[in-house]
Amino acid sequence: MGDQADKLRKIVGNIGSPVNAGFKQRKGVARVITVTSGKGGVGKTNITVNLAIVLSRMGLRVAILDVDFGFANVDVMLGISAKYTLLELIRGERNIFEVLTDGPDNIQFLSGGSGVEELIQLEKEQVVEFISNISLLDNF
């Protein structure tokens, strides 16, 4: 009987295996790992940042998208103040590459900002534009 992290261990452990031998060389398709929970304060940010560091050290290009509306804190954990946040992306003031901030170990991150009520009341067009921007990371 395994624990909750068995599947994640298999994914990360198989990155260099023959089954995933082409993982590093694949171009044009981003692999997404989502860290989520129904409760705050369980360590999602810790898991995310540490997983990103490990994957980056394995030679993968990593971008963290901190879209925890109202409680985003990847920037706080990394000790880096982002010049732009998810808010500028949603408003159409910046594109995804302008809002990504350089972090440690060649990680880039999108800061979600904090306490921004505007982010939970998005128009359909804003959601479509956000997804369009995120899809640009396939060629990141």
Side-chain angles (χ1 to χ4, degrees):
M1 182 171 176
D3 64 14
Q4 293 177 334
D6 274 347
K7 187 172 182 179
L8 181 58
R9 279 190 208 97
K10 287 177 185 173
I11 292 169
V12 173
N14 287 334
I15 287 174
S17 75
V19 173
N20 282 328
F23 183 78
K24 290 182 185 178
Q25 290 79 30
R26 277 191 351 181
K27 299 286 185 200
V29 178
R31 187 169 272 200
V32 177
I33 298 173
T34 304
V35 180
T36 185
S37 168
K39 182 179 181 331
V42 296
K44 294 179 294 292
T45 303
N46 267 318
I47 297 266
T48 300
V49 168
N50 284 293
L51 179 60
I53 290 170
V54 168
L55 292 173
S56 180
R57 288 180 180 175
M58 292 173 67
L60 301 174
R61 296 185 73 185
V62 179
I64 299 172
L65 306 180
D66 192 354
V67 293
D68 186 354
F69 298 148
F71 299 105
N73 59 4
V74 166
D75 54 343
V76 173
M77 179 160 285
L78 295 174
I80 299 172
S81 294
K83 184 174 181 180
Y84 302 112
T85 69
L86 177 61
L87 190 57
E88 284 84 14
L89 183 65
I90 294 295
R91 288 179 178 164
E93 297 168 0
R94 304 275 176 216
N95 68 45
I96 187 68
F97 299 107
E98 293 173 308
V99 297
L100 286 173
T101 301
D102 293 331
D105 288 288
N106 296 315
I107 295 168
Q108 291 191 301
F109 69 95
L110 167 60
S111 175
S114 192
V116 183
E117 187 176 320
E118 182 178 339
L119 293 174
I120 60 173
Q121 300 175 356
L122 300 177
E123 300 292 327
K124 181 180 177 182
E125 296 79 22
Q126 291 173 303
V127 173
V128 169
E129 184 63 24
F130 174 70
I131 292 169
S132 175
N133 262 283
I134 298 304
S135 71
L136 294 174
L137 293 177
D138 278 344
N139 299 309
F140 169 64

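Just so it is clear, the model here is predicted, and its values are computed rather than measured. These numbers come from the heavy atoms of this one structure, side chains and all, not from hydrogens, waters or symmetry mates.
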Treat each ILVMFWY residue as a node, draw an edge where side-chain heavy atoms are under 4.5 Å apart, and state whether [X] and [Y] are in one component.
X	Y	value
V127	I90	yes
I107	V76	no
V67	F97	yes

Report the residues that fulfil side chain to side chain contact (heavy atoms under 4.5 Å, CB included) with [X], sequence neighbours left out, ordered by chain and then residue number.
X	value
E125	E123
T34	V32, T36
N133	L89, N95, I96, E129, L136

To check you understand the geometry: which heavy-atom pair defines the closest contact between [X] and [Y], and what is its length?
X	Y	result
T101	A82	OG1-CB, 3.5 Å
D102	F109	O-CE2, 4.1 Å
S56	V62	N-CG2, 3.7 Å

- Message: For a side-chain contact (heavy atoms from CB on, under 4.5 Å) check, start with the C-alpha distance between I134 and L65, then their side-chain angles and the critical distance, and finish with the verdict.
- Response: CA-CA 9 Å; I134 298 304; L65 306 180; 3.6 Å; yes
- Message: Taking salt bridge (Lys or Arg N to Asp or Glu O under 4.0 Å) as the cut-off, I'd like each qualifying pair that reaches into residues 47-57, sequence neighbours left out, listed once.
- Response: R57-D105
- Task: Working to the nearest 0.5 Å, report the span between CG of L100 and CG of L137.
- Result: 6.0 Å
- Heavy-atom check, side chain of L110 versus side chain of L86, under 4.5 Å: yes
- Query: So do the side chains of I80 and P104 get within less than 4.5 Å of each other, counting heavy atoms only?
  - Reply: yes
- Query: Do any pairs count as a side chain to side chain donor-acceptor pair (under 3.5 Å) and have a residue in residues 76-85, sequence neighbours left out, and if so which ones?
  - Reply: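 Side chain to side chain donor-acceptor pair (under 3.5 Å) check on residues 76-85 returns Y84-R94, T85-E88.
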Side-chain donor-acceptor distances from residues 45-53 under 3.5 Å, at least two apart:
residue: T45; atom: OG1; partner: N73; partner atom: OD1; Å: 2.7
residue: T48; atom: OG1; partner: K44; partner atom: O; Å: 2.8
residue: N50; atom: ND2; partner: N46; partner atom: O; Å: 2.8

